[in-house]
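To start, the structure under review is shown below, and the notes come after it.
Hydrogens, waters and symmetry mates are skipped; everything else that's a heavy atom, side chains included, is used. One-based numbering along the sequence shown.
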Amino acid sequence: MSQVKKVKYGEKPEKDFNIRTAMEEASRCLLCEDAPCSQGCPAGTDPGKFIRSIRFKNFKGAAETIRENNILGGSCSLVCPYGNLCEKECARTGIDKPIQIGKLQKFAIDCEKEADMNVLKKPDFNTGKKVACIGSGPASLACATKLALEGVDVTIFEQFDQPGGILTYGITPSRLPQEVVDHDIDQVKKVGVEFKLNTRIDGKDGVEKLLQDFDAVFVGVGLWSNAMPNIKGIDAKGVYSAQDFLKIARENNGKFDIGEDILVIGGGDVAMDCASTSKQLGANVAIVYRRTIEEAPAYIDEIKYVQDMGIPMITKFAPEEIISDDEGNVVKMMFKSWDNVSEMVKKADTVVFAIGQKASDDYKEIELAEGAFINGDIINGGLTVVQAVADGKVSADEIIDYLKIKEAK
């Protein structure tokens with residue numbers, strides 16, 4: 001029987017590479033001429049190039065390659081589904097196992113931080129153009145950085161008191177420590193991007209108001225409205241959306257009274273984050289998912305991680321009803337199986353629904369005026385951080401073209 005892993009809140013499950021282990025791993029690289037791993041990265045981070053640099057002890061060059069292509073190189077090194085992207089394309093897979101690209105990327109970014117490198121610098125020229133970015137998640141950060149490097153004055157408007165969006169509020173610190181997010185955001189600030197926090201821009205009217213003061217506006221607000229099921233008892237005390245649950249835990253550094261028995265509903269990476277967070281807070285946790293484990297969208301490493309923590313994953317049961325006591329606190333939950341006959345009742349002090357997010361009402365199906373651009377999770381439905389980075393870079397190019405055309409008229 002394998003030993004159950006006990007991890008404190010915010011503690012990373014595995015160690016990062018040091019120079020010796022990074023060199024050993026990089027030496028496994030076949031130095032492919034066409035580098036299929038680089039073709040597998042949506043943001044164009046170019047693993048083939050930075051792994052070559054590490055292999056020949058050019059750690060500065062490795063950090064430069066990553067940061068020049070992906071401003072969120074540190075965050076992506078920890079949350080990217082490598083097995084479905086660059087590592088899946090690694091030529092080494094046909095021999096034994098793929099290069100651990102994510103850990104090598106994290107090593108290079110650690111070298112950047114330790115050496116206090118300034119890979120990206122504020123340009124010494126200015127176009128006189130101003131662009132506003134709404135939201136400070138991955139898409140906006142990537143868009144703002146690329147624009148700033150082209151001499152555009154960029155201001156990011158963020159509704160919360162800390163920048164980062166999903167990076168800061170929607171991922172457990174065991175997977176993504178805040179210092180990694182902060183280091184990435186520091187690189188954005190170094191190229192001249194200004195942040196205005198605690199400032200919410202409300203939908204179409206807010207965008208049009210910004211267009212009076214800015215030459216263009218990028219909307220990268222992400223998916224911050226909670227998807228909750230329409231079942232009896234959903235308003236009971238102790239029922240949370242995944243987003244709210246992770247945000248509260250992170251803002252309070254794990255000091256969060258969630259009770260003894262926790263149910264997490266869902267089968268994605270966010271559900272795994274909620275389950276591992278609950279376990280780290282000392283609760284008894286169970287994941288309940290309406291489909292089979294093979295159909296669960298969570299990355300296989302995340303499923304294995306929670307299983308190693310001793311968290312059971314009950315499949316083929318869907319939420320039916322939440323039962324509360326006389327004071328309105330949740331006490332148990334009822335489920336119905338696929339066969340429409342079997343039922344299950346589970347004790348619960350807290351229920352967390354991790355069944356997806358959607359755009360807030362003021363940005364849902366928004367029609368944008370000329371000069372406004374939208375991209376990221378709100379368009380792609382919420383895929384990966386690296387895809388949001390790629391989307392933000394695409395929109396930056398579109399905005400640059402728009403500004404050139406506008407100036408030429």
Side-chain angles (χ1 to χ4, degrees), residues 2 5 7 11-120 174-177 179-181 183-184 186-187 269 299-305 308 384-387 389-390 393:
S2 60
K5 291 183 179 179
V7 183
E11 181 182 344
K12 288 186 64 180
E14 59 180 27
K15 294 181 179 180
D16 295 327
F17 279 153
N18 55 35
I19 291 179
R20 177 175 177 177
T21 53
M23 291 296 297
E24 287 176 350
E25 187 65 12
S27 69
R28 295 178 56 240
C29 179
L30 300 176
L31 302 177
C32 305
E33 184 176 350
D34 58 349
C37 59
S38 294
Q39 299 171 31
C41 177
T45 309
D46 202 353
K49 186 176 180 180
F50 77 70
I51 292 172
R52 287 187 185 90
S53 295
I54 293 173
R55 181 164 176 166
F56 295 106
K57 297 185 179 180
N58 181 9
F59 305 142
K60 181 176 184 294
E64 288 175 345
T65 295
I66 296 166
R67 193 65 75 183
E68 287 170 356
N69 290 294
N70 184 353
I71 190 60
L72 300 182
S75 298
C76 284
S77 74
L78 295 174
V79 300
C80 266
Y82 291 96
N84 296 330
L85 298 171
C86 53
E87 288 185 6
K88 181 180 179 181
E89 304 300 326
C90 178
R92 187 90 200 187
T93 305
I95 301 173
D96 42 28
K97 61 181 181 179
I99 305 298
Q100 296 181 69
I101 296 173
K103 294 188 71 173
L104 287 175
Q105 182 168 319
K106 179 62 165 56
F107 168 77
I109 294 298
D110 286 345
C111 290
E112 173 199 56
K113 185 176 182 180
E114 290 171 10
D116 196 22
M117 299 180 198
N118 277 324
V119 174
L120 302 180
S174 293
R175 269 210 302 151
L176 182 57
E179 57 265 26
V180 176
V181 179
H183 180 59
D184 280 347
D186 283 344
Q187 309 314 304
D269 285 337
Y299 189 38
I300 188 64
D301 285 352
E302 299 305 319
I303 295 176
K304 184 178 184 302
Y305 176 56
D308 287 345
T384 60
V385 171
V386 72
Q387 183 60 54
V389 169
K393 291 169 66 176

Short N-O contact, Glu25 and Lys103, less than 4.0 angstrom: no
Lys15 vs Thr21 side-chain heavy atoms within contact, under 4.5 Å: no
Any pair counted as side chain to side chain donor-acceptor pair (under 3.5 Å), so long as it reaches residues 78-88, sequence neighbours left out: none
Compare every heavy atom of Ala22 with every heavy atom of Ile54, then report the nearest pair and how far apart it is. CG2-O, 4.2 Å
Under 4.0 Å between a Lys/Arg side-chain N and an Asp/Glu carboxylate O for Lys113 and Asp184? no
So do the side chains of Thr384 and Pro81 get within less than 4.5 Å of each other, counting heavy atoms only? yes
Minimal heavy-atom distance between Gln39 and Asp34, with the atoms involved, is NE2-O, 3.0 Å
Please name the pair of heavy atoms, one in Cys80 and one in Val386, separated by the smallest distance, quoted to 0.1 Å. SG-CB, 3.5 Å
Could you tell me if Asn69 and Thr45 have a donor-acceptor pair between their side chains, going purely by distance under 3.5 Å? no
Just so I know, are the side chains of Ser38 and Lys49 near enough to count as touching, which here means a heavy-atom distance under 4.5 Å? no
So which atom in Ser75 and which in Val180 form the shortest heavy-atom distance, rounded to 0.1 Å? N-CG1, 3.7 Å
Heavy atoms of other groups near Ile19 CD1, more than 12 under 6.0 Å: no
So, do Arg175 and Asp269 sit near enough that their side-chain heavy atoms are less than 4.5 Å apart? yes
Can you name the residues that form a salt bridge (Lys or Arg N to Asp or Glu O under 4.0 Å) with Asp301, not counting sequence neighbours? none
